[in-house]
Structures are given as C-alpha cells and as structure tokens.
2 protein chains.
Amino acid sequence: MADLQHEPHDDGLVLPPDTSPLGPIEQTPLKVQIADRLRTAIVTGKLKPGAVLVETALAERMNVSRAPIREAIQILENDGLVETVAYKGRRVKPLSVREVSETYDMRQIFEMRAVRRIIERKIPAGALWQPCQDMERAAQAGDREGLVAADERFHRMLITLADHQLLLQSWNSIYLRVHQIMALRNDRRVPLTDIAANHPPIIRALEEGDMDRAVGLIAEHTRSLESFDPATIAGAPQ
Amino acid sequence: MADLQHEPHDDGLVLPPDTSPLGPIEQTPLKVQIADRLRTAIVTGKLKPGAVLVETALAERMNVSRAPIREAIQILENDGLVETVAYKGRRVKPLSVREVSETYDMRQIFEMRAVRRIIERKIPAGALWQPCQDMERAAQAGDREGLVAADERFHRMLITLADHQLLLQSWNSIYLRVHQIMALRNDRRVPLTDIAANHPPIIRALEEGDMDRAVGLIAEHTRSLESFDPATIAGAPQ
DNA sequence: AAATTGTCGGTTGTCGACAATCGACAAACG
DNA sequence: CGTTTGTCGATTGTCGACAACCGACAATTT
C-alpha cells in the first residue's frame with residue numbers, strides 16, 4: 001500500500017478524542033463511535049484526501065479489533081468520503097475539481113427545491129431569522145468559525161422547513177463534502193459581511209411568497225462560493 | 001426477532017441465482033456478489049418490505065460465513081433498502097406513503113436538473129431516440145417488461161447525457177427504490193401506449209433547446225406515476 | 001541484458017467462536 | 001392479583017486467526 005500515499009503524513013495525526021460524557025458506559029456500538037470520529041477527522045481536514053486508512057493500524061491505535069474499524073470505514077464509504085480497492089487499500093477519497101463543482105451543484109439543486117416547497121406549501125419561514133441574526137453578530141465580531149456554523153444552521157433550517165426527509169438526508173450527505181472542501185481550502189478572502197448580507201433578502205422573499213425571486217436568490221447565493229484553488233484539495237493522483 | 005415480522009414468508013423464498021459465467025473462477029468479493037443478489041431480490045419484490053434478514057440464516061443458506069453477509073447487508077443499508085436495529089434485527093425497510101412520494105419527488109428533481117444541463121450546455125440528445133423507439137415497439141407488442149426496461153434506459157440515458165457523476169449516482173440510488181415500488185404495486189392499469197407517448201415531445205424540446213417546454217414536460221411526466229395503492233406496499237408496522 | 005518466474009511483505013477478505021444486548025416469558029415476591 | 005426480578009432464546013457486536021490477493025523486487029533463466 002506504500003505507493004498509494006506519496007507523503008507519509010501518518011505520524012502526527014491525532015484523531016478527535018472520544019468525548020463520551022461519563023466514560024465506561026457506552027451503549028452506542030463501537031463502529032458508530034469510530035465512524036463518527038473518522039468522519040469528523042475527514043471533514044475537518046485532519047485526514048486529507050489520499051490519506052491511507054489501514055485497518056490494522058487504526059485498530060491498534062484505538063485498541064479495538066479490526067471488525068468495528070472495517071464497518072466504520074464502510075459507513076464512510078457510503079458517505080462517499082472513503083474509497084476501497086480490494087486487497088490493496090483504503091484511502092480518503094481524493095477530490096477532483098469536477099467533484100467539488102458537482103458537490104456545490106447538488107447543494108444548489110437541493111436548496112432550490114426546498115425553497116420551492118416552502119413557498120408552494122406556504123410554510124412559515126420565520127425560524128430562519130435566528131441563525132441569520134447569529135451570522136450578523138458573528139460577522140461583526142470577526143468570528144469566522146461562528147459565522148460558518150451559523151451559516152450551516154441557516155441552510156439546514158431551510159432544508160428542514162421543506163419537510164422532506166429524503167431531501168434532508170441527501171442534503172446532509174452532500175454537506176459533509178461541503179464541510180470537507182471548506183476545511184481544505186482555508187480561504188479567508190471572502191468578506192464575512194458579504195456572506196451574511198445574502199440571507200435576509202432570501203427570508204423576505206420566502207415570507208412574501210415570491211417564488212421567482214426566492215429561487216433566484218438562493219440559486220445565486222449557493223453559486224457564489226464555488227470558486228476555489230485546485231491545489232488546496234489535491235489528493236493522491238488518479 | 002420473531003416479532004418484527006408478522007407472517008413467516010420465510011420458506012418459499014428463492015434468491016436470484018449466482019449467474020457467474022464459468023463457475024469456479026470468481027474474482028469479485030463474496031460480499032459484493034451477495035449484496036447484488038440481495039439487492040435484486042429486494043427491488044424485484046421477492047424480499048418484501050418488513051422481511052427479516054437474519055445473518056446466520058442467510059450465511060447458512062449461502063454457505064458462507066456471517067462476515068460477507070454482514071457487509072452485504074450494510075451495503076444495502078447504505079442504499080437505503082435495509083434498516084438495522086442493534087442487537088435486535090435487520091429487515092427490509094418498510095415503505096411509507098410518504099417515502100414513496102418523496103422518492104418520486106427526488107427523481108423529478110434529478111431529471112429536471114438533467115434536462116436543464118442538457119439544454120444549457122447544448123448537449124446533443126439524439127441518443128434518447130433509441131430507447132424511445134424500443135418503448136414504442138414494446139408497447140405495440142404488449143410487452144410490459146420490455147417497456148419498463150426501455151423506459152428505464154430512456155431515463156438513465158437522460159441523466160447520463162447531463163454528464164454529472166454525482167447526479168447520476170444519486171439518481172441510481174433513488175431509482176433502486178423506484179424499481180422496488182414498481183415491483184410491489186403490480187399496477188397493470190396504466191395503458192402502455194400512454195407512457196410511451198410521453199417521450200418523443202421531451203426529446204424534441206431538448207433538441208430545439210426549448211428550456212421551459214422541456215422542463216415542464218419532464219416535470220409532468222415524472223409526476224404522472226405517483227399514484228399508488230398504499231396497501232400494496234405495506235410492510236411491518238411502525 | 002531481457003524476460004520470466006519465484007518469493008515476500010502488506011492489505012483486505014473470510015472464518016468460527018464468544019460477548020453483549022434486547023424482548024419476552026416465567027418465577028418469585030408483596 | 002399486580003409487580004418486580006430472573007432467566008432464556010434470539011440476534012447482532014466484537015474478537016483473533018488464517019486465507020486470498022496484489023504489487024514489487026529478487027532470483028533465475030534464456
């Protein structure tokens with residue numbers, strides 16, 4: 001497997017800690033805990049695209065057998081974050097320029113549909129003001145992390161309001177990659193206030209039931225973050 | 001696990017055969033073969049919603065250990081066809097009316113987006129005529145299965161032309177459930193010719209680059225098959 | 001030197017056995 | 001009789017060991 005990875009960034013890696021509140025009592029299966037930890041490590045950029053996941057190594061580090069590690073990795077494979085080559089190895093799925101673009105495109109599809117449903121069904125959109133205000137506050141405080149978190153709450157709330165389980169599920173899956181992409185390109189150029197300013201008009205259009213304007217605004221907003229530097233997300237080749 | 005299933009439709013079940021062409025030579029992992037067979041059984045209705053999947057039983061029937069069975073079932077879980085309750089059991093995911101509706105809604109989202117992309121990028125849509133003609137031939141011959149197969153080829157081709165890997169992947173996942181739903185409600189009422197007649201106008205609109213008409217037609221077409229009888233898809237309660 | 005073959009380390013695939021957990025029922029107790 | 005407790009069967013969760021497979025390199029042959 002040595003030739004799947006090009007730089008042995010194997011050493012300094014610290015996986016997210018097991019943050020169980022009380023310690024010995026654990027009722028969620030190991031595989032789920034492990035999957036959560038690995039997923040967090042991937043979407044936060046601690047495990048970069050191309051990083052190799054060796055079952056035996058992970059098992060030894062986490063003091064468990066290979067079985068739960070295997071299942072955890074397979075869960076991540078379902079999320080599309082990891083790919084497996086039989087008898088060769090497993091690695092964090094490299095991100096191509098195309099995949100990044102397609103990921104944002106899917107996000108746009110989902111959010112546009114959510115907007116359509118909210119207006120069609122006349123669903124009250126007032127719950128969106130809360131994360132929107134959080135964003136403004138974070139923007140003024142220069143709290144980039146807080147802003148990103150509030151932004152995600154806004155978009156998740158948007159999808160949730162649409163009351164469409166499959167849509168929410170698909171959006172969640174896509175948003176994992178959005179997370180990962182944002183973590184990899186540490187892009188500090190986009191002004192905070194610009195992002196925050198996009199949301200209030202969307203809410204207003206939703207509340208006024210103006211379908212065309214709402215859909216146009218969300219389409220524009222979800223397209224605005226597509227640009228990125230390919231070099232920052234380069235994983236292993238091919 | 002006896003109380004998750006209400007009728008023991010365990011006996012007469014015959015899983016799809018292992019159709020390896022030459023026999024002894026097998027290079028695809030067992031888990032993949034098993035997953036394929038089980039998936040086929042589910043989407044063709046041989047394994048109905050609510051049917052219980054017991055690892056030991058399947059392992060014994062297929063003459064393998066529990067490990068590949070486990071992984072196969074987990075793959076199906078990723079496809080959304082199976083659900084697992086830890087330490088209790090696994091079963092084919094019951095289909096609610098809501099899920100069926102949402103499934104068709106997702107399909108509509110995806111196909112509408114495909115149509116948009118094809119027109120935006122001026123992609124030639126001539127490849128759609130082939131399955132379309134197949135459908136007409138099958139319709140006139142009264143070959144319902146052939147028509148359904150050609151219909152799927154038409155829609156898959158539509159998505160493929162859009163040249164969007166994530167979209168294709170998501171569509172495939174959703175279409176698994178469409179398959180399953182169609183297999184469960186053996187609805188022979190919809191006239192064959194009606195379905196076949198829908199496609200040519202769509203292709204023409206695509207070739208003429210008429211965005212509004214094409215999107216409207218595909219939206220109407222993908223909505224037309226939503227009605228169904230809840231009783232035919234009832235699985236285990238809750 | 002070039003091509004073929006053999007061998008080896010590394011990784012996942014598969015296996016059989018045991019532990020953990022849950023639900024239901026029986027048993028004991030008030 | 002009602003409630004609690006214990007036990008049991010069923011099922012998945014986890015484990016350690018071995019087999020299958022791939023890639024690369026050395027050994028051998030021509």
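All chains are named by letter (A, B, ...) in the order of the sequence lines, taking the proteins before the strands, and each is independently numbered beginning at 1.
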Original post:
Between C:dT12 atom C1' and A:Gln74 atom CD, what is the distance in whole Å?
Top reply: 12 Å
**OP:** Would you check, one step at a time, whether the test salt bridge (Lys or Arg N to Asp or Glu O under 4.0 Å) holds for A:Lys93 with A:Asp79?
**Re:** CA-CA 11 Å; A:Lys93 208 170 183 177; A:Asp79 292 338; over 6 Å; no
Any protein N or O atoms within reach of nucleotides 14-20 of chain C? Criterion: under 3.5 Å, listing atom names and distances.
from: C:dT14; atom 1: OP1; to: B:Leu30; atom 2: N; distance (Å): 2.6
from: C:dC15; atom 1: OP2; to: B:Ser65; atom 2: N; distance (Å): 2.7

Subject >> Nearest-Å distance for atom pair CD/C1', residues B:Glu55 and D:dG13 >> reply: 9 Å
**OP:** Could you give me the CA-CA distance, side-chain angles and deciding distance for B:Asn172 and B:Arg156, then say whether side-chain contact (heavy atoms from CB on, under 4.5 Å) is met?
**Re:** CA-CA 8 Å; B:Asn172 273 328; B:Arg156 172 163 282 119; 2.7 Å; yes
Original post:
What residues, two or more places apart in sequence or in another chain, satisfy side chain to side chain donor-acceptor pair (under 3.5 Å) together with A:Arg116?
Top reply: none
**OP:** Give me the one residue out of B:Lys88, B:Arg90, B:Arg91 that meets salt bridge (charged side-chain N to carboxylate O under 4.0 Å, His left out) with B:Glu83.
**Re:** B:Arg91
Subject >> Residues which pass ring pair (Phe, Tyr, Trp, His ring centres under 6.0 Å) with B:Phe154, listed by chain and number, not counting sequence neighbours >> reply: B:His199
Original post:
From D:dT12, C:dT12, D:dC22, pick the nucleotide closest to the side chain of B:Val54?
Top reply: D:dT12
Subject >> Nearest non-hydrogen partners of A:Leu184 and A:Gly45, listed with the distance >> reply: CD2-CA, 4.1 Å
Original post:
Roughly, in whole Å, what's the span from NZ in B:Lys88 to P in C:dG23?
Top reply: 5 Å
Original post:
Whole Å only: how far is the CZ atom of A:Arg90 from the P atom of C:dT11?
Top reply: 13 Å
**OP:** Report the distance from atom CD1 of B:Ile69 to atom P of C:dG13, rounded to the nearest whole Å.
**Re:** 15 Å
Original post:
Taking for each residue the nucleotide of DNA chain D bearing the nearest heavy atom, is the 5' side occupied by B:Ile73 or by A:Ala86?
Top reply: B:Ile73
